[in-house]
Amino acid sequence: MDMLHDQLVNRVELSNISKSFGGVAALKDVTLKALPGEIHALMGENGAGKSTLMKILSGAHQKDGGRIAIDGEEVHIKNTHDSKKLGIGIIYQEFSLVPELSVAENVFLNRLSEHGVWMKWNSLKKEAAELIQSIGFNINPSAKVANLSIAQQQIVEIAKALSEKVKVLILDEPSAVLGPNEVQKLFDILLKLKKEGVTIIYISHHLSEIFQIADRVTVLKDGKSSESLNVAETDRDAIIKLMLGRSLDAMFPPRKPVIGNEVLRVEHIQSDKVKDVSLTVKAGEVLGIAGLVGSGRTEVVRAIFAADKKQKGSVFLHGRKVRLRNPHQAVEKGIGMVPEDRKQQGVILSLSIKQNISLANLAGVTGKLGFIRSNKESAHVQQLIKKLLIKTQHEDIPAGQLSGGNQQKVVLAKWFNRDCHVIIIDEPTRGVDVGAKTEIYNLINELAGRGVAILVISSETAELMGICDRILVMRDGQVHGELEKHEFTEEHILRYAIGADRQPLSTN
Amino acid sequence: MKSSLKRTIHFIIKHNTIIIFLLMLVLSALASNAFFTPNNLANLIRQVAPVGIISMGMLLVILTGGIDLSVGSIVAMIGVLCALFTQSMSLPLAIVASLLAGIVVGSISGYLVSVQKMAPFIATLALMTIVRGLGFIFSKGAPVMVADSASALTDFGSGSLLGIPNPAIILFLVFGITAVLLKYNIYGRILIAIGSNEEAVRLSGIKVPVYKFSVYAIIGGLAAISGMIGTARTGVGSPNIGIGLELDVIAAVVIGGTSLMGGKGSALNTFLGVLILGMIGNIMNLMDIASYSQQVIKGLIIILAVLLQRFQEK
Amino acid sequence: MKSSLKRTIHFIIKHNTIIIFLLMLVLSALASNAFFTPNNLANLIRQVAPVGIISMGMLLVILTGGIDLSVGSIVAMIGVLCALFTQSMSLPLAIVASLLAGIVVGSISGYLVSVQKMAPFIATLALMTIVRGLGFIFSKGAPVMVADSASALTDFGSGSLLGIPNPAIILFLVFGITAVLLKYNIYGRILIAIGSNEEAVRLSGIKVPVYKFSVYAIIGGLAAISGMIGTARTGVGSPNIGIGLELDVIAAVVIGGTSLMGGKGSALNTFLGVLILGMIGNIMNLMDIASYSQQVIKGLIIILAVLLQRFQEK
Amino acid sequence: NSKPGDSQNQSGEAAVTSKKDLSHIKVGYCTPSLNASFYVALSKSIQNSVEGYGMKFISVDGQGDITKQITGVEDLIAKGVDVLIINPLDPKALVPSVNAAVKSGLPVFIVDSYIEPSARYITSVLADNQGNGELVGEWIANKLGKTKIKAAIISGAQGNPVGKEKRLGFVRGIAETQLRTLGYTDFSIVSQGWGGWSNNGGLKAMEDILAAHPDINVLMAENDAMAMGAMKAAQEAGKADNMLIVGFDGQKEALELIKQGKYGATALNSPIGLGKLVTESVVKYLNGDKYLDKVIYTPSVLISKEEVNKFYDPKSIF
Ligand SMILES: Nc1ncnc2c1ncn2[C@@H]1O[C@H](COP(=O)(O)OP(=O)(O)OP(=O)(O)O)[C@@H](O)[C@H]1O
Ligand SMILES: Nc1ncnc2c1ncn2[C@@H]1O[C@H](COP(=O)(O)OP(=O)(O)OP(=O)(O)O)[C@@H](O)[C@H]1O
Ligand SMILES: [Mg+2]
Ligand SMILES: [Mg+2]
């Protein structure tokens with residue numbers, strides 16, 4: 001490989017790239033080189049600059065300094081149009097689909113205007129269907145993207161990126177919203193493209209994926225890049241050390257559960273996507289819900305929290321039936337929820353860290369007539385920032401300036417700030433780097449230690465096995481299995497999640 | 001057979017503006033014998049033409065997530081300019097010049113919104129004031145007569161083809177073009193896409209500012225056409241017409257189920273919205289409802305229509 | 001010493017509406033000798049009072065991402081009602097009843113927006129029409145005289161305290177309360193949060209509909225106060241005042257740097273926006289600029305002010 | 001052409017009686033707007049007179065917009081009225097509507113405003129606005145004698161032809177009177193404000209006028225409402241005593257102020273008289289009188305403190 005590397009011309013060569021946002025340096029002197037037919041992993045903590053670097057390559061951002069060369073020739077990428085002409089395709093970390101358009105239009109959005117002035121609906125749909133099938137999925141090309149599940153949307157993103165002949169394909173955390181099944185199919189596609197000589201830059205926080213598929217890996221830390229390593233010649237610890245600057249003792253902190261009385265009981269809950277789910281959580285217990293994407297886990301907890309209207313079923317707190325009509329009532333009764341979509345539902349990006357953290361417990365920071373007791377609030381929030389190790393200079397900085405992992409900690413801090421009996425955490429570490437993950441697990445442990453009943457949803461089976469005392473497995477809006485700690489294995493969970501007859505994703 | 005029935009039902013639910021429209025139609029017919037006379041129907045369609053023509057432009061603007069408050073003023077200013085132009089140039093030239101003037105005004109809004117990234121509400125609000133003032137300045141405050149040499153214009157304004165008043169024919173044309181554009185043309189699809197997720201469209205390499213600019217230029221042109229029709233009908237260009245017209249146009253678009261957030265809306269429903277609004281006024285006049293009560297009832301019907309729209313979302 | 005200079009500069013950049021304000025002040029003083037006379041300044045502040053009082057409510061509404069187009073109509077209707085009430089009840093009762101009526105109208109908008117989830121633009125547009133019609137119905141189209149027994153009202157309207165006209169004192173009060181509310185009270189913070197990310201606020205267990213409802217009720221009350229001031233000043237309640245007032249109010253708020261998307265805005269800047277807008281009109285009147293040109297210049301200054309605001313974002 | 005002052009009487013009783021039974025007749029009236037009390041009173045007055053003759057009255061509102069007024073006329077025709085009375089917002093724009101109505105066999109009457117002669121209407125009934133303006137100007141010039149006149153004008157709306165007539169008449173009245181009594185003219189009009197015909201608008205306009213021109217001694221407003229608003233502003237500024245305020249219309253509130261000596265004078269432009277007069281013309285026409293004057297003026301009358309008791313009626317609708 002190295003020999004090859006010396007002889008071949010790099011497909012992508014980013015040298016000494018720098019970029020800052022309003023005086024804050026996101027990238028300083030970053031270098032990355034990748035060969036044709038190489039799968040190159042890009043890793044780093046939240047906020048290390050991975051997405052920024054890729055956006056520079058795709059023309060969504062402009063670099064401040066440095067040099068980009070494609071196939072050995074220096075190029076100037078001023079906008080997304082330029083990068084497309086150079087054969088660079090990208091799947092962004094945030095969805096870049098148009099919800100009100102059909103799947104077919106989204107797949108060909110980049111080339112819509114090349115098709116001429118008039119829509120050729122029939123051929124457009126046919127081509128889209130063929131393309132999606134060729135990558136192993138089945139989605140109705142006439143469906144509106146707004147009506148698709150998140151996983152299906154990601155597949156549309158992939159199809160969109162593959163709709164053009166690309167020399168370079170960038171994938172920014174594509175697996176975060178895919179189930180194991182879909183991830184496997186994605187890897188099959190990537191390997192096929194690799195054989196065709198396409199260069200793939202793959203961003204992920206999942207180390208296992210890197211070892212499964214990547215040839216080489218570059219790590220970003222504090223806006224600087226490491227040497228590229230051959231994956232075959234390195235190991236987890238080495239990469240983690242490059243990312244964090246230290247090694248990680250154990251991914252999952254040990255925990256000695258002290259389980260008390262039942263706190264939350266849900267009976268026969270039903271909503272749009274949920275068909276009859278019952279569960280109980282006890283004080284100090286961490287209950288996990290596993291399942292494939294689209295199995296209805298989020299809908300279950302949203303119905304409990306009264307964020308969505310439930311159609312049937314009852315909720316009991318400490319054995320007593322409660323009627324919850326909206327999240328306000330749920331919070332009043334001592335339930336807290338960290339939602340799955342951090343940016344849309346969790347943090348308020350334009351508000352300060354302090355204001356975000358206070359939001360769930362405003363009574364705690366106000367005096368008479370709702371006037372804010374500023375000193376008390378600051379002191380309180382500073383304590384939480386210290387305790388949760390949120391990386392920031394000041395509590396008055398807008399939450400939007402934090403990295404994803406730190407934003408997630410802010411949302412957790414919001415509920416830490418209030419005495420809750422039940423805390424629901426939907427995808428606690430989606431898109432969070434390994435270092436921050438461990439810290440979040442510690443926080444969950446601490447909450448449980450205080451006697452809080454905790455309900456965790458995660459798409460990462462390993463995560464659930466590491467932190468939960470009990471795991472429910474959902475499929476098609478129902479609970480299909482319950483596992484005690486000693487029964488935890490990946491296989492076990494997957495078997496329940498997939499069911500006897502596995503079915504491909506489809507719209508109807 | 002069965003599937004066609006199903007499709008019909010689906011169609012009606014999706015376009016439930018049609019239900020409101022049919023309801024209004026039945027109510028109107030019951031309320032006044034004068035309603036279903038050819039004469040009154042011709043009146044109705046002629047009366048809604050200015051709002052209708054502009055509403056198609058407003059639909060495009062709103063689809064991109066924008067709004068245009070300046071159209072009423074453009075109608076007035078172009079009405080004045082058109083009359084003035086007939087006094088100094090040939091009619092075809094006067095028409096072209098008026099149309100261009102409308103497009104120029106629209107383009108200024110378009111520039112402020114797309115390049116300067118001003119909020120459409122405030123950019124077009126400022127232009128509403130400016131253009132209204134210009135209309136008064138050009139006309140010296142008094143209505144301007146169309147030159148006698150341009151009698152073809154006034155003939156056109158009061159004329160009709162196969163019983164359909166000419167302004168209505170223009171309305172049908174504009175409606176047809178918009179409907180086709182939105183359904184079968186790339187341009188329309190991109191507008192919807194911009195209103196739905198502007199950033200995604202930008203990242204796809206589509207020049208979003210060009211499209212946003214274009215919708216304001218178009219609505220400027222359509223407002224100019226409406227202004228000319230007004231002058232053609234009355235024979236004078238008056239600087240104080242069209243006050244509040246923008247609100248009628250927006251109300252019509254929204255009654256047609258278009259979301260003010262952008263990305264969602266259809267030409268057919270907008271057209272029905274225009275007719276519904278026009279019918280409200282027409283039937284109340286026919287029923288001798290006092291002018292003040294008319295305002296109250298009109299407001300109530302707008303609220304009702306929008307509340308009914310909400311079923312569509314299900 | 002240095003840090004205080006730095007802070008001043010930072011303050012000015014953040015509140016760059018101040019710069020525009022000072023600029024306007026200097027220009028006004030240069031343009032007319034009459035500007036800096038106590039008499040004219042009293043005029044100015046008295047004239048901006050109605051817009052200013054309502055603008056504080058509009059700020060709250062816009063902070064939550066809403067808008068209220070009905071305020072001009074509320075001013076007129078309450079002006080009429082207040083005059084009518086003085087004819088049949090004691091003055092204090094008449095004032096309370098008028099205030100309540102304004103709050104009720106605002107609450108209807110609030111209900112439509114927060115519970116029925118109607119777009120604020122269209123809900124308040126419908127109410128604008130309805131309330132205007134009601135004003136005419138209540139007054140039978142003619143101005144209503146304040147009863148002689150309620151001369152305290154008209155005395156208040158034309159009176160002043162320590163040289164400050166009474167309407168201006170109310171404006172200062174409303175401004176002060178709003179500023180404190182937004183800066184030091186949890187209510188203001190929640191409004192800003194709602195405007196920034198409504199769903200996140202809802203999921204934090206805050207009753208979003210209650211807050212959204214409240215801002216419309218407040219602006220209804222403030223519009224009622226403005227309406228009463230109008231009646232107090234002229235001694236009659238006219239149903240045809242306040243047409244287009246909502247646009248002036250919104251323009252003032254936006255000139256004050258408030259984002260129409262919600263979540264961003266300050267009371268001080270809004271207040272300055274009100275003064276800027278008022279000065280534009282005042283100084284042009286002092287300079288005897290023709291009314292037509294005034295409209296053009298006003299529109300241009302709005303555009304300019306908003307473009308200047310953009311530096312603030314940097 | 002009937003001269004101002006020589007035609008109908010102002011008293012309440014109907015001067016014309018109908019020989020025919022008119023109870024099946026529907027009279028349609030299109031008002032320019034109902035946003036001003038003058039128009040409201042005019043509409044009410046026409047209604048009262050029309051119904052007084054046993055005819056049916058139907059009205060539509062032009063909402064201050066020519067195109068809406070045209071719409072309104074169309075709706076009236078669709079409803080099958082027998083007679084049309086129009087108060088046109090614009091002298092030219094309504095010509096096609098009028099002619100279309102005439103073509104379909106409807107007699108059209110014009111009230112309060114002008115319309116082009118090319119419109120084939122039966123007759124138009126209006127106040128002699130220029131004559132009224134002259135009366136007001138004459139009164140001012142006589143009142144101030146040798147004192148230099150420094151006047152400000154508050155106009156209603158831009159482009160309004162009635163307002164233009166009034167102010168031109170005002171200027172003519174002053175000039176003519178000064179020339180007659182002094183042999184020279186000595187007046188200046190230092191400012192024109194805009195008051196939108198309303199009380200409130202007059203108040204605002206006056207505030208700005210007084211700030212820029214604190215030394216004016218005459219204020220002419222194109223209607224009473226604006227004049228009364230301006231009076232408030234003058235009072236607040238402490239200038240009301242050194243100033244003559246004049247207006248138009250003869251609204252009862254203005255007459256009361258004239259009685260109290262706070263308000264100089266107003267020229268009568270009574271919506272009540274207009275309404276009666278136009279209805280009488282309609283009745284004459286329907287009774288077969290085909291030779292009505294093309295233009296009928298209401299009498300021009302100046303009302304100052306001396307005459308006010310003759311005209312003041314606290315129960316009047318205007
Ligand atoms: N548009 C922007 N404006 C200001 N700062 C930005 C912007 N985009 C990114 N940043 C900042 O640049 C830094 C790098 O962000 P980037 O999104 O590239 O990180 P990342 O490595 O992709 O993190 P993650 O793993 O969370 O996706 C962060 O500090 C981020 O806050
Ligand atoms: N925006 C949406 N509109 C309509 N249906 C949706 C939407 N989002 C999700 N769904 C549907 O709801 C169901 C569950 O959604 P979702 O994918 O969020 O499940 P989940 O089990 O919570 O998975 P994950 O938490 O991994 O996203 C799916 O069947 C999906 O089709
Ligand atoms: Mg990233
Ligand atoms: Mg989920």
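All values reported here derive from a predicted model rather than from experimental measurement. Below, chain A is the first sequence line, B the second, and so on; all start at residue 1.
- Only the side chain of C:Met145 comes within less than 4.5 Å of a heavy atom of chain D; its backbone N, CA, C and O stay farther away.
- Rounding to the nearest 0.5 Å gives a distance of 8.0 Å between CG of D:Asn200 and CZ of C:Arg233.
- Heavy-atom distances place the side chain of C:Ile241, and not its backbone, under 4.5 Å from chain D.
- Among residues 129-144 of chain C, the residues having any heavy atom closer than 4.5 Å to a heavy atom of chain D are, in sequence order, C:Phe136, C:Lys140, C:Gly141, C:Ala142, C:Pro143.
- Heavy atoms closer than 4.5 Å to chain D are found in the side chain of C:Thr154, but not in its backbone.
- Contacts between D:Leu203 and chain C at a heavy-atom distance below 4.5 Å involve the side chain alone, from C-beta outward.
- At a 4.5 Å heavy-atom cutoff, the contact between D:Glu253 and chain C is made by side-chain atoms alone.
- When the candidates C:Asn43, C:Asn40, C:Asn285 are compared by the number of heavy-atom contacts under 4.5 Å with chain D, C:Asn43 comes out ahead.
- Using a 4.5 Å heavy-atom cut-off against chain D, no residue of residues 221-229 of chain C qualifies as contacting.
- Looking only at heavy-atom pairs under 4.5 Å with chain D, the residue among C:Leu286, C:Thr37, C:Thr234 that has the most is C:Thr234.
- Minimum interatomic distance between D:Glu236 and C:Ser158 (heavy atoms only, all atoms of both residues): OE2-CB, 3.2 Å.
- Top candidate by heavy-atom pairs under 4.5 Å with chain D, chosen from C:Ile243, C:Asn39, C:Val236, is C:Val236.
- With a threshold of 4.5 angstrom between heavy atoms, C:Ser32 does not approach chain D through any atom at all.
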